[in-house]
Amino acid sequence: MIEKRMNEIIEILNKASYEYYTLDKPSITDQEYDRYMQELIKIENDYPELKRDDSPTVRVGGKVIDAFDKVVHEIPMLSLSNVFNESDIIAFDERIKKEIKNPKYVCELKIDGLSVSLTYKQGKLIRGATRGDGVTGEDITHNVRTIKNVPLTLNEPIDIEVRGEIYMSKATFESINEERKRNNQELLANPRNAAAGSIRQLDSKIAASRNLETFIYHLPNALDYGLHTHSESLEFMQKLGFNVNPNISLVNNLDELLEYINYWTENRDNLPYEIDGIVIKLDDIDNQGKLGFTAKYPKWATAYKFPAMEVLTKLKDIIFTVGRTGQVTPNAVLEPVRLAGSVISRATLHNEAYVKEKDIKIGDIVAIRKAGDVIPRVEYSLKERRTGSEIEFHMATTCPICGSNLVKNKDEEASYYCINDECDAKKIESLIHFASRNAMNIEGFGEEIVEDFYNLGFIRNFDDFYRLERKKEELMELEGFGEKSISNLLESAENSKSNSLERLLFALGIRYVGSKTAKILASNFINIDNLINVQYEDLISIKDIGEVIAESVCEYFKNEDSINLISKLKDLGLNMNYLGKKVEDNLLFSGKTFVLTGSLESITRNEAKEKIESLGGKTTDSVTSKTDVVIVGDNPGSKYDKALKLGIEIWNEEEFLEKVK
């Protein structure tokens with residue numbers, strides 16, 4: 001089965017490479033390609049004996065088309081390894097630091113275009129070539145000569161080869177498509193494909209009419225010119241007359257690197273051309289040589305790929321889950337796909353009406369997005385990619401756990417609920433929620449452990465988390481649970497007793513009361529007894545507490561079972577008071593927007609954010625005209641400069657800590 005799957009992936013990737021590099025008509029997205037490649041790499045790592053000589057993991061690019069002369073690159077044009085999130089970037093930095101002390105990096109925008117090699121003799125352009133398969137490319141000199149910012153003659157009469165990217169600007173792309181629309185021609189898919197298709201035209205007049213451009217970013221043999229850093233080679237190429245991207249930055253440490261990435265992640269739409277990530281290169285060329293290469297990638301560089309806002313994958317099945325309120329939700333089972341820095345294999349389909357409105361079927365290729373950057377959801381299906389084997393969706397009529405008939409909520413027409421109070425799924429989900437990080441934060445009680453302890457009868461209600469000491473000997477008989485692990489669970493439960501009131505309110509699972517609403521309630525009513533006796537009018541008088549929330553809170557505290565539960569938790573020693581400060585008392589922070597930059601010494605960045613938010617402020621990553629205060633540590637970088645330019649109030653670490661006090 002493993003070998004069969006490996007061969008399937010290789011066939012998919014080879015077909016995709018041919019369509020992408022040779023035909024310029026890809027049938028799958030970059031995200032789909034990356035996902036298949038990562039799966040193939042894992043299989044080959046786990047089963048090295050199965051690795052084929054013609055695997056896509058040992059070559060770069062695609063085939064060379066016969067219409068162009070072939071060009072052998074004296075120095076291979078390798079591609080870069082990919083990283084997808086902050087953890088990957090930190091791991092890359094740590095690998096470099098094992099070999100190189102205090103490394104500096106050059107950060108570059110990853111232009112979404114077509115790689116090109118330009119060769120000059122005595123300062124005259126003699127050849128332009130594509131990357132091809134990395135060793136052999138295609139001679140595209142006749143088209144390269146039509147690109148206006150490619151110098152035909154350099155400022156010095158030297159022999160040199162440089163490498164860069166041919167691209168089409170957004171404005172040019174839109175202009176060409178407008179003209180094609182007027183002429184009833186097929187529209188170009190995107191600027192990258194348009195640039196690649198233009199440069200491979202046999203008639204150079206077509207390429208000339210497409211207004212292509214280049215950025216040059218690499219000198220493969222910089223040491224031959226006495227250059228020992230990548231940043232020096234960029235300056236050298238610019239002096240020769242090449243177009244070098246102005247947004248390149250030399251960074252001194254990991255914090256500055258992450259700051260550069262965060263800035264362009266937020267601001268890339270403002271550029272006149274498309275970028276799909278950030279390239280990170282070790283600046284010292286001698287150390288680049290020390291680190292060397294793998295068969296496919298340089299070890300001293302990598303490409304951070306922006307988190308995909310939307311990715312495509314196959315919907316393999318639709319299953320139904322029961323939430324803590326009893327709502328039964330259809331969920332998509334997906335072929336695993338990377339989205340916004342994490343691998344997604346499940347996504348919500350909301351409810352019956354949503355699935356039918358979107359015409360989603362089992363077996364469809366679907367687009368996945370993250371709702372609010374947290375919950376992945378299915379956006380739409382690609383009906384043009386259906387094969388006829390897809391299966392229609394039918395909403396469940398009984399609870400998938402207890403088998404009870406589902407009831408349609410009269411206030412939420414599309415929602416179905418299991419109303420069986422004894423449904424195990426509802427109870428387990430509520431227990432998982434109670435122990436979760438944003439609720440009581442009882443460390444060690446993950447979903448699997450809570451479910452196991454429920455099924456074994458150890459935890460059936462919220463108060464049982466705090467009675468486990470009585471079951472210690474029985475728990476130690478379970479496989480995988482020793483003295484230390486059980487003691488850690490008991491200690492974690494004990495520590496959670498001292499949480500502030502807002503955590504308990506959120507943990508109780510009061511309908512419509514999320515973590516933010518819980519904090520508003522706690523900071524206004526100070527202790528649980530005030531809430532037990534709260535009146536509807538008192539609640540709706542509070543900003544951000546509407547009628548629906550007010551009714552739900554009143555209903556919860558009128559319920560005898562709720563009062564009995566709270567009484568049990570009180571007797572067990574749980575704190576019932578709000579331990580924070582009232583937001584309205586913190587005039588320095590309340591309602592203001594803060595940005596942190598640079599390295600803080602006596603407090604971590606996350607701790608600083610928590611303090612700001614606990615005092616009523618909010619934090620963002622970018623400095624804008626709406627920023628109220630910028631807090632600076634050591635080596636603050638560009639955010640500090642922008643704050644000065646905009647006249648924004650600036651606090652150093654000492655001032656910040658003093659104001660917090």
Side-chain angles (χ1 to χ4, degrees), residues 85-87 89-90 93 102 104-105 107 247 249-268 270 278 280 304 306-307 340-341 372-374 437-438 441 500 502-503 515-516 519-520 522-523 543-544 578-661:
N85 51 45
E86 187 170 311
S87 297
I89 297 167
I90 292 170
D93 178 58
N102 300 322
K104 293 183 178 182
Y105 302 105
C107 293
N247 298 305
S249 180
L250 177 64
V251 300
N252 298 298
N253 52 51
L254 179 62
D255 281 345
E256 290 183 11
L257 191 161
L258 294 173
E259 188 173 318
Y260 179 94
I261 288 174
N262 289 335
Y263 178 82
W264 285 112
T265 299
E266 294 179 9
N267 292 279
R268 66 185 191 266
N270 298 326
I278 302 295
I280 306 161
Y304 167 74
F306 288 132
D373 295 327
V374 179
R437 179 177 296 179
N438 292 329
N441 192 26
S500 186
E502 67 272 17
R503 282 188 173 272
S515 57
K516 289 184 179 179
K519 190 162 189 176
I520 292 170
S523 63
K543 183 184 177 184
D544 297 325
Y578 176 57
L579 304 179
K581 295 180 181 179
K582 293 191 73 173
V583 166
E584 57 266 29
D585 294 336
N586 299 291
L587 299 179
L588 285 170
F589 292 87
S590 182
K592 293 185 178 180
T593 300
F594 293 78
V595 172
L596 294 149
T597 182
S599 303
L600 302 176
E601 291 185 1
S602 55
I603 187 173
T604 68
R605 189 169 291 197
N606 283 336
E607 288 171 342
K609 286 182 178 180
E610 287 178 5
K611 286 186 179 293
I612 290 167
E613 290 166 4
S614 72
L615 297 171
K618 70 174 184 177
T619 60
T620 62
D621 292 325
S622 298
V623 176
T624 70
S625 58
K626 295 182 180 179
T627 304
D628 294 295
V629 179
V630 173
I631 300 167
V632 300
D634 293 335
N635 302 314
S638 60
K639 292 181 185 178
Y640 173 68
D641 297 332
K642 191 168 184 180
L644 289 174
K645 186 177 179 181
L646 293 175
I648 293 169
E649 187 174 355
I650 295 173
W651 299 348
N652 61 29
E653 184 176 350
E654 185 179 348
E655 288 175 302
F656 166 63
L657 294 175
E658 186 62 34
K659 292 179 191 297
V660 167
K661 290 178 185 178

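Here the options are Thr627, Val629, Asp628, the test is side chain to side chain contact (heavy atoms under 4.5 Å, CB included), and the partner is Ile648; only Thr627 passes.
Side chain of Asn262 to main chain of Leu258: a donor-acceptor pair is present (N/O by atom type, distance under 3.5 Å, no hydrogens or angles). Side-chain atoms of Thr624 come within 3.5 Å of backbone atoms of Lys626 as a donor-acceptor pair (strictly under, hydrogens ignored). Using a distance-only test at 3.5 Å, with no hydrogens or angles considered, no donor-acceptor pair links the side chain of Glu607 to the main chain of Ile603. For the pair Lys639 (side chain) and Thr597 (backbone), a donor-acceptor distance under 3.5 Å is absent.
Rounded to the nearest 0.5 Å, atoms OG (Ser602) and CZ (Phe656) are 9.5 Å apart. Taking NZ of Lys592 as the reference point, atom CG of Leu615 lies at 12.0 Å (rounded to 0.5 Å). Annotation: the span from Glu502 atom CD to Ile520 atom CD1 amounts to 11.5 Å, rounded to 0.5 Å. If you take CG on Asn85 and CD1 on Ile90, they are separated by 9.0 Å, rounding to the nearest 0.5 Å.
For the pair Leu646 and Ser625, the tightest heavy-atom approach, listed with the atom from each and the gap, is CD1-N, 4.1 Å. The two residues Asn253 and Glu256 come nearest to each other via the heavy atoms OD1-N, 2.9 Å. Nearest approach of Glu653 to Leu600, heavy atoms of both residues: OE1-CA, 3.5 Å. The two residues Asn441 and Arg503 have their closest heavy-atom pair at CB-NH1, 3.7 Å. Contact between Phe589 and Lys659 at its shortest, heavy atoms only, is CE1-O, 3.8 Å. Across every non-hydrogen atom of Tyr578 and Ala522, the tightest pair is CB-O, 3.4 Å.
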*Could you check Asn247 against Trp264 for side chain to side chain contact (heavy atoms under 4.5 Å, CB included), going step by step and ending with a plain yes or no?*
CA-CA 10 Å; Asn247 298 305; Trp264 285 112; 3.5 Å; yes
*Would you check, one step at a time, whether the test side chain to side chain contact (heavy atoms under 4.5 Å, CB included) holds for Ile89 with Leu254?*
CA-CA 9 Å; Ile89 297 167; Leu254 179 62; 4.1 Å; yes
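The neighbour count for Glu655 CD, taken as heavy atoms of other residues, nucleotides or ligands under 6.0 Å away, is above 12.
In this structure, Leu257 and Asp93 have side chains that are not in contact, with every pair of non-hydrogen atoms separated by 4.5 Å or more. Using a 4.5 Å cut-off on side-chain heavy atoms (C-beta onward), Ile280 and Ile261 make contact. Residues Thr265 and Ile278 fail the side-chain proximity criterion, which asks for heavy atoms closer than 4.5 Å.
Centroid-to-centroid, the aromatic rings of Phe594 and Trp651 come within less than 6.0 Å.
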